[in-house]
Number of protein chains: 2
Amino acid sequence: MIDKNSHIPIYAQLEGILLEMIESGELKPGDIIPSENELSKKYGISRMTAKKAIDSLTIKGLVERTQGKGTYVSSYEKKIELPLNRLRGFTQKVCEMGLVPENKLLAFEKIPCPKNISKILGIEEGEKVWRMERVRQIDEIPAVFEESYISVKLLPDLKEKNLLESKFDYIKKIGLEIGNSEREILAEIPSDYVASALRLKRNEPILLAENTTYLKKGEVLEYSKIYYNQKKYRFKLIAEGD
Amino acid sequence: MIDKNSHIPIYAQLEGILLEMIESGELKPGDIIPSENELSKKYGISRMTAKKAIDSLTIKGLVERTQGKGTYVSSYEKKIELPLNRLRGFTQKVCEMGLVPENKLLAFEKIPCPKNISKILGIEEGEKVWRMERVRQIDEIPAVFEESYISVKLLPDLKEKNLLESKFDYIKKIGLEIGNSEREILAEIPSDYVASALRLKRNEPILLAENTTYLKKGEVLEYSKIYYNQKKYRFKLIAEGD
DNA sequence: GAGTGGTCTAGACCACTAA
DNA sequence: TAGTGGTCTAGACCACTCT
């Protein structure tokens, strides 16, 4: 079963054994898998080694662990489909479903613009910018963590209230025309801060979009980093042939 | 420095300390960071705990480790920009740069179609399909791992040679018109197999696109999973305002 | 050969869950 | 209270890199 003299680490061998059990259907979604103690006894390895194998399956999303309960094979949940190539895909989709996204404001401050952000926004370093952190959730489930920067010059009278409702509606209301957004997509392990805001475990991969949003007249409106909870959402787009 | 009675795990505290040193510029890209032994002595913790902190920075992409050498703060490398909303973005971009992507065929077989794939391709379970695994690389650096399925009915005479050159050109040559592709984007920890094909370390996050490509007349042509090496590429698209 | 990271062990204490 | 996973230790052996 496990070859202790193999050049393949024991934890990787055990991970393979468990993976095989999941893929073959021997362990089905929702099933509990053997505990660390059981595995360490069964294969004559230390508990730490067994744990390492299971932890690896965890960050791959194949199993879920709960302290005090055990480790269970992940079930596929119904996920909400979001278009990655729409700026307001999230809001739109949620509204279509008759739900209202709830915004939680984690930070809202007026700060001197850091150098890297100032380059993107096209303003001077040190000029005042709004810095905001929001979590958007539905039914108490965090869906999106957003960190964004907007020049104070563009939105001098921005209030907390506007962020708790709809930032975009407010921007349109004061007469600014929002254009398109350049979006870079990354797979990342989030910081512990972002992970806990989305109620995710440490070291789970997450989709990140870095956005530079323009006004219709060409000026940069906003720079934002949006982290998406993949547990609940699927991200789609259409790629064109040639 | 480190509070052993804190509710925050020691490894998380140490990770924070190192992160702070990197973000403050005390440790610059390319610098070596203290070894596991040095850290365990300095903070009076075990080497395993120090390792856990550094491993976490590794999968977040902030440092890179080499056995026998040490751990270094990651340098930002120039990355090639690819459009996520173009089917042939990779080929196109590489050709624009005057380079030729080299294809390595890892698997090419005619198999009975598995159930889940048959649903997507719109054919009967067990009907014959081509299953292919390719790695595309530039200058010996793996860029993309692709696993794909195409009905044998559509491409009865597909040869290894066609895959080593250009699959799409071959498809066009035999008179099929390629349409658009529905693409789902995911952040994933790849299997060890995929990771090693792309020469990545275990447990590093990666961008995955799952594609369903259609012919112009509506039929499904291909289902493919494409894994992108983020180390070398950046993925961009334009999101439309409203 | 000295130093590095990679793996592994056999124990320990803790926080949490469920009965 | 018993069992689970989360953390941590102090050692050990190995493979690798550099000199």
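Side chains are part of it too, since the values below use all heavy atoms of this structure and drop only hydrogens, waters and symmetry mates.
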Are A:Glu147 and A:Arg131 close enough that some pair of their side-chain heavy atoms sits under 4.5 Å apart? yes
Can you see if the side chain of A:Tyr11 gets near the phosphate of C:dT7 - specifically, an N or O under 4.0 Å from OP1 or OP2? yes
Compare all side-chain heavy atoms of A:Ile59 with those of A:Ile189 and state whether any distance is below 4.5 angstrom. no
Specify the separation, in whole Å, of atom CG of B:Asn37 and atom P of D:dT9. 14 Å
Per nearest nucleotide of DNA chain C, the residue lying toward the 5' end, A:Lys69 or A:Arg47, is A:Arg47
Kindly point out which of C:dG5, D:dT9, C:dC8 is positioned nearest to the side chain of B:Gln67? C:dG5
Counting just side-chain N and O atoms, does B:Lys52 come under 4.0 Å of either OP1 or OP2 of D:dT7? yes
What is the distance, rounded to the nearest whole Å, between atom CD1 of A:Ile33 and atom P of D:dG3? 18 Å
State, with a plain yes or no, whether a side-chain heavy atom of A:Glu36 is found less than 4.5 Å away from one of A:Thr71. no
For C:dG11, does either OP1 or OP2 sit under 4.0 Å from a side-chain N or O belonging to A:Ser46? no
Closest to the side chain of B:Ser35, out of C:dT4, D:dT4, D:dT9, is C:dT4
Can B:Arg134 and B:Glu146 be counted as an ion pair, charged N to O under 4.0 angstrom? yes
Is there a side-chain contact between B:Thr71 and the phosphate of C:dT4, meaning an N or O under 4.0 Å from OP1 or OP2? no
Take the protein atom CD1 of A:Ile10 and the nucleotide atom C1' of C:dG6, then report the distance between them rounded to whole Å. 12 Å
Between C1' of D:dC8 and OH of B:Tyr43, the distance in whole Å: 18 Å
By nearest heavy atom, map A:Gly68 and A:Arg65 onto DNA chain D; which one lands nearer the 5' end? A:Gly68
Do A:Glu184 and B:Lys79 touch side chain to side chain, with heavy atoms closer than 4.5 Å? no
Consider only side-chain N and O atoms of A:Ser148 and A:Glu222, and report whether a donor and an acceptor are under 3.5 Å apart. yes
Of the options D:dG6, D:dA10, C:dT4, whose atoms approach the side-chain atoms of B:Glu38 most closely? C:dT4
Atom-to-atom span, CD1 of A:Ile54 to P of D:dT7 - whole angstrom: 14 Å
Does A:Gln230 reach the side chain of A:Tyr228, with side-chain heavy atoms less than 4.5 Å apart? no
Could you tell me how far apart B:His7 (NE2) and C:dA15 (C1') are, to the nearest whole angstrom? 13 Å
So for the helix from C:dG1-D:dC18 to C:dA18-D:dT1, with five pairs setting each end axis, what is the inter-axis angle to 10°? 10°
If I take atom CD1 in residue B:Ile59 and atom P in nucleotide C:dG6, what distance separates them, rounded to the nearest angstrom? 13 Å
Phosphate OP1/OP2 of C:dT4: any B:Lys51 side-chain N/O under 4.0 Å: no
In whole Å, I'd like the distance from the CE atom of B:Met48 to the P atom of C:dG5. 14 Å
A:Thr66 or A:Gly44, whichever maps to the more 5' nucleotide of DNA chain C: A:Gly44
Touch check for B:Ile45, heavy atoms < 4.0 angstrom, all strands: base, sugar-phosphate only, or nothing? sugar-phosphate
Measure the shortest side-chain to side-chain distance between B:Phe108 and B:Leu164 over non-hydrogen atoms and say whether it is less than 4.5 angstrom. no
